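Numbers restart at 1 for each chain; the letters A, B, ... are given by sequence-line order, proteins then strands. All figures in this text were calculated on a predicted structure; none of them were measured in a lab.
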Number of protein chains: 2
Amino acid sequence: MAKFSKDSTCYACNLKHNLFRFLTDDELKYINKSRYEVHYKKGENIFKQGDAFTHIACLTYGMAKVYLEGENDKNVILRLLRPVELIGSPGFQVDSRHHFSVVTIQDSRACFIDANVFEQVLKSNSPFNLEFIKYINSATIRLFNKLTGLTGKHMHGRIADALLYLSDQVYKKSSFTTNLSRQDIADMTALTKESCIRILKEFKDEGIIEYGSNSFNLLDKEKLEMISRVS
Amino acid sequence: MAKFSKDSTCYACNLKHNLFRFLTDDELKYINKSRYEVHYKKGENIFKQGDAFTHIACLTYGMAKVYLEGENDKNVILRLLRPVELIGSPGFQVDSRHHFSVVTIQDSRACFIDANVFEQVLKSNSPFNLEFIKYINSATIRLFNKLTGLTGKHMHGRIADALLYLSDQVYKKSSFTTNLSRQDIADMTALTKESCIRILKEFKDEGIIEYGSNSFNLLDKEKLEMISRVS
DNA sequence: ATATTATATTGACAAATATCAATTTATTTT
DNA sequence: AAAATAAATTGATATTTGTCAATATAATAT
């Protein structure tokens, strides 16, 4: 289970996210008053789809997966979060519910800001507000790409995209160690884990990548990009 | 080609969209100054993906499809617009580009509001701003459902969803005439038109629906909802 | 270290879906 | 109305992807 830090105050995070650079000292103080931090073990829920949305979170340490829980147990991983990354919810101003789940894939920490406090600051600070809209809209653009990728590409292209995403956006190395399971990679690509494993094997046999049980090395990124393009 | 109305002023639309109820008279006047209307024939682009985003649009008459243009000619129709419906762009505050295309499926009219003017009003009116965030977030929630639907359901479920969407959200009747082609319905469901046609035929053979070349009658909605659920 | 459990892998096969070509039907133009 | 064009339909077939069961490997608990 998650445990609160001693006094529920966030030491590690100093509202470092880009978004907060638009706040005045007073606003930062106001937000800080309600702010607290939670420590998570690997595999714990930061947010749970369907649950009440009361706080904006900010991942300050570790890593987490953001995913949609479909009806028939099928999850779709939208993206991975690294520090320092904000986690809002489209339920904000709509139904105050979470519409995705966020689960840590390693020991992590997150900072929480009361959604009402956040709303107050949004109201009083229009540059901050526009920046928040920018944040939301960027997420929408990513979602568009996810949608066209998952509906328009075949298995090879989707696995290539997932590997490139991990390498370029998440781990920022062509060779990386990860806590993601094969099922997780399957959930990133909307495939079954068996299909996922088969494509990975193909890529390995063709010398495009090499991997162990929890590490990947992208030997030929250009090839992966080509595969992503032709599907 | 689209043609401007005589003096480029919008008569039909009086900023009727829900969103605008939060504006003061002065703000409405300010927006109205830059506002103009365009008439479209069926099949014309209101917005084109990739093009510069300079204006928010509001569909005041007719109907339009909003779709993502994928790489290999594969389009995904996100939704259909009816009057009076706002059409923003996730490029707002991000890259000032359109990330989807909007094309009329019948003769239509749209009202345009300068994005800079819109931004000014957003800045000065925080209830309006929060309402706009609500608007964006609602769109995100719809997108989540689209994503889980298209990746998690089989052909039958997806066609059922499209038919129910048309009936419940767009035409608001269980029997309706539409300008959507079979290709359009295929684009709503991320299927090929041939597969789409086959499922429609199956549904017809089972007495769940009946249809002509441009009309549908949903005889058994409960069955469709059941099909949507089990796949 | 050993037993236990979870995860990953493989193969054979079935199901879902797309492709391609041919034909029919509808729509538009002359 | 006839001709021309576009859209819808159908069938045969290939491709893609999932399912299920068996085995192997890794991770965790005793």
When you look at CG of B:Asp73, are more than 12 heavy atoms from neighbouring residues, nucleotides or ligands closer to it than 6.0 Å?
no
Whole-Å distance, A:His154 NE2 to D:dA14 P, equals 17 Å
Considering only heavy side-chain atoms of A:Arg198, the closest of D:dG11, D:dT19, D:dT17 is D:dT19
Between CG of B:Leu150 and P of D:dT17 the distance, given in whole Å, is 15 Å
With a non-hydrogen cut-off below 4.0 angstrom, is B:Ala186 in contact with a base, only sugar-phosphate, or nothing?
nothing
note: A:Tyr211, atom OH; D:dT25, atom P; distance rounded to Å ~ 14 Å
*Name the nucleic acid region contacted by A:Ser213, choosing base, sugar-phosphate or nothing; use a 4.0 angstrom heavy-atom cut-off, strictly under.*
sugar-phosphate
The answer to which of B:Glu194 and A:His156 contacts DNA chain D further toward the 5' end, by nearest nucleotide, is B:Glu194
Exercise for the section: For B:Asn45 and B:Val103, indicate whether the former's side chain and the latter's backbone hold a donor-acceptor pair under 3.5 Å. Expected result: no
With a 4.0 Å cut-off (strictly under) to non-hydrogen atoms of chain B, the first and last hit nts on DNA chain C, 5' to 3', are C:dA16 to C:dT27
Rounded to whole Å, the CG-C1' distance (B:Leu200 to D:dA7) equals 14 Å
| message | Centroid separation under 6.0 Å, is that true for the rings of B:Phe144 and A:His99? | response | no
DNA chain C nearest-nucleotide lookup for B:Arg158 and B:Lys42: closer to the 5′ end is B:Arg158
In whole angstroms, the gap separating P of D:dG18 from CE of A:Met155 amounts to 7 Å
A:Lys41 atom NZ is separated from D:dT28 atom P, nearest whole Å, by 14 Å
When rounded to whole Å, the NZ to P distance for the pair A:Lys193 and D:dA21 reads 13 Å
Side chain to side chain contact (heavy atoms under 4.5 Å, CB included) test vs A:Leu180 passes for just one of A:Leu166, A:Asn214, A:Asp187, namely A:Leu166
Review point. Would you say the side-chain atoms of B:Ser89 pair up with the backbone N or O of B:Arg97, donor to acceptor, closer than 3.5 Å?
Key: yes
Nearest heavy-atom contact between B:Ser167 and B:Ser174 is OG-CA, 3.5 Å
Notebook entry, point to check: Should the ring pair A:Tyr36 and A:Phe112 be called parallel, tilted or perpendicular, given that the plane angle runs from 0 to 90° and is split at 30 and 60?
Noted result: parallel
Here the distance between atom P of D:dT28 and atom CG of A:Asn179, to the nearest Å, is 10 Å
